[in-house]
Amino acid sequence: MDMIRAENIKVSFGSLNVLKGVSVAVKPKEVVCIIGPSGSGKSTFLRSLIHLEHINNGSIYIEEKLLTQYENGVRKLKINSKQRRNILLEVGMVFQKFNLFPHKTALENTMIAPMKVLGKSREEAEKKGIELLQRVGLGDKLDAYPGNLSGGQQQRVAIARALAMEPKTILFDEPTSALDPELVGEVLSVMKQLAADGMTMVVVTHEMGFAREVANRVIFMENGVIGAEGTPEEIFENPKNDRLKQFLNAVL
């Protein structure tokens with residue numbers, strides 16, 4: 001079973017074709033890293049997987065359940081918002097910007113969605129939130145407000161918040177790009193541990209070392225299409241695509 005399957009995804013913003021037919025399948029416990037130059041469609045593709053971007057063409061399945069389907073701009077699947085929400089509960093997302101509630105503590109930020117969306121009791125949500133913040137190395141910051149946390153700490157709270165919804169897959173959209181260089185490592189360390197624990201992950205990243213070390217599969221996107229795909233060894237050690245070689249020479 002695929003945790004996520006996208007078939008022939010096309011996205012246009014006006015006359016600009018951002019995605020030109022992208023197909024990706026993600027297996028359970030797989031870590032897929034998506035790399036490529038800015039403007040290649042990486043983040044748009046990731047956002048389209050959870051209905052944050054409107055697609056013009058293609059189908060998206062979450063654990064074999066059809067989430068959305070369009071043909072030439074015409075919606076072919078009719079599901080209501082509750083059905084869509086229930087499908088999307090299987091997928092968490094961590095964004096570039098942390099998007100924490102500034103007036104809520106780290107612990108409260110992890111508790112809100114489980115209580116509001118999953119119907120968890122305050123006691124359940126609090127117990128889980130403490131456990132998750134300890135897991136990401138912030139057991140001593142439960143009562144800290146986002147404004148008193150570093151960028152790396154805020155992003156780790158955001159990861160704990162995503163985990164609190166008990167997703168089976170987590171999408172990461174350049175989770176370290178807004179961080180100072182010295183804070184990147186602490187976030188990547190948490191992500192590496194998640195991968196080691198068997199979390200299914202799709203990661204848009206500029207961190208080539210992370211992609212090389214942690215990914216099962218690396219996808220190189222350029223100009224709205226997949227230019228190359230393979231194991232980290234195939235992508236980084238023996239790239240066959242000229243544009244990929246050019247990209248790697250620029251970033252490594």
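Along the sequence shown, residues carry numbers from 1.
- Here the rule is side chain to side chain contact (heavy atoms under 4.5 Å, CB included) with Q154, and of L183, V187, L149 only L149 fits it.
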* To do: Take S12 and N17, measure what side-chain hydrogen bond (donor to acceptor under 3.5 Å, both in side chains) needs, and give me the verdict at the end.
  => CA-CA 4 Å; S12 298; N17 296 321; 2.8 Å; yes

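- Inspection of the S59 and Q69 side chains reveals an N or O donor paired with an N or O acceptor under 3.5 Å.
- Atom OG1 of T110 and atom CD1 of I159 lie 13.5 Å apart (nearest 0.5 Å).
- A continuous path of Ile, Leu, Val, Met, Phe, Trp and Tyr side chains, each step under 4.5 Å between heavy atoms, connects L77 with I62, placing both in one hydrophobic cluster.
- You'll find the side chain of H103 stays beyond 4.5 Å of the side chain of P146, heavy atoms only.
- Side chain to side chain, Q193 and D197 meet the donor-acceptor criterion of an N or O pair below 3.5 Å.
- For K97 and D173, the salt-bridge test fails: no basic side-chain N is under 4.0 Å from an acidic carboxylate O.
- Here E7 pairs with R5 in a salt bridge; the nearest charged N to carboxylate O distance falls below 4.0 Å.
- Counting non-hydrogen atoms of other residues, nucleotides and ligands closer than 6.0 Å to NZ of K65 gives a total above 12.
- A heavy-atom distance below 4.5 Å is not found between the side chains of I34 and F172.
- The pair R212-E233 fails the salt-bridge criterion, with no side-chain N (NZ, NE, NH1 or NH2) lying under 4.0 Å from an Asp/Glu carboxylate O.
- Here the closest heavy-atom approach between residue A211 and residue F236 is recorded as CB-CZ, 4.0 Å.
- Heavy-atom contacts from other residues, nucleotides or ligands closer than 6.0 Å to CD of Q83 number more than 12.
- Remark: K78 NZ is packed, more than 12 non-hydrogen atoms of other residues, nucleotides or ligands lying under 6.0 Å away.
- To the nearest 0.5 Å, the span separating CG on L66 from CZ on R84 amounts to 10.5 Å.
- Between V190 and L188 the shortest side-chain heavy-atom distance does not fall below 4.5 Å.
- In this structure, the side chains of L89 and M165 come closer than 4.5 Å at one or more pairs of heavy atoms.
- Note that CG of N8 is 11.5 Å distant from CD1 of I60, once rounded to the nearest 0.5 Å.
- At most 12 non-hydrogen atoms from other residues, nucleotides or ligands lie less than 6.0 angstrom from CZ of F101.
- The shortest distance between side-chain heavy atoms of V26 and T200 falls below 4.5 Å.
- Salt-bridge annotation for R161 and E108: absent, with no side-chain N of the basic residue lying under 4.0 Å from a carboxylate O of the acidic one.
- Between M111 and L107 there is a side-chain heavy-atom pair separated by less than 4.5 Å.
- Of the inter-residue distances, the one linking F13 atom CZ with L19 atom CG reads 7.5 Å to the nearest 0.5 angstrom.
- T68 places a side-chain heavy atom less than 4.5 Å from the side chain of H51.
- Linking Ile, Leu, Val, Met, Phe, Trp and Tyr whenever their side-chain heavy atoms come within less than 4.5 Å leaves V91 and V203 in two separate clusters.
- Atom CG in D140 sits 10.0 Å away from atom CD in Q134 (nearest 0.5 Å).
- No side-chain heavy atom of Q96 sits less than 4.5 Å from a side-chain heavy atom of P175.
- Side-chain contact check for K20 and N223: at least one donor-acceptor pair (N or O, by modelled atom type) lies under 3.5 Å.
- In this structure, the separation between CG on L133 and CZ on R156 is 10.0 Å, given to the nearest 0.5 Å.
- The aromatic rings of F247 and F220 are tilted relative to each other, their planes meeting at an angle between 30° and 60°.
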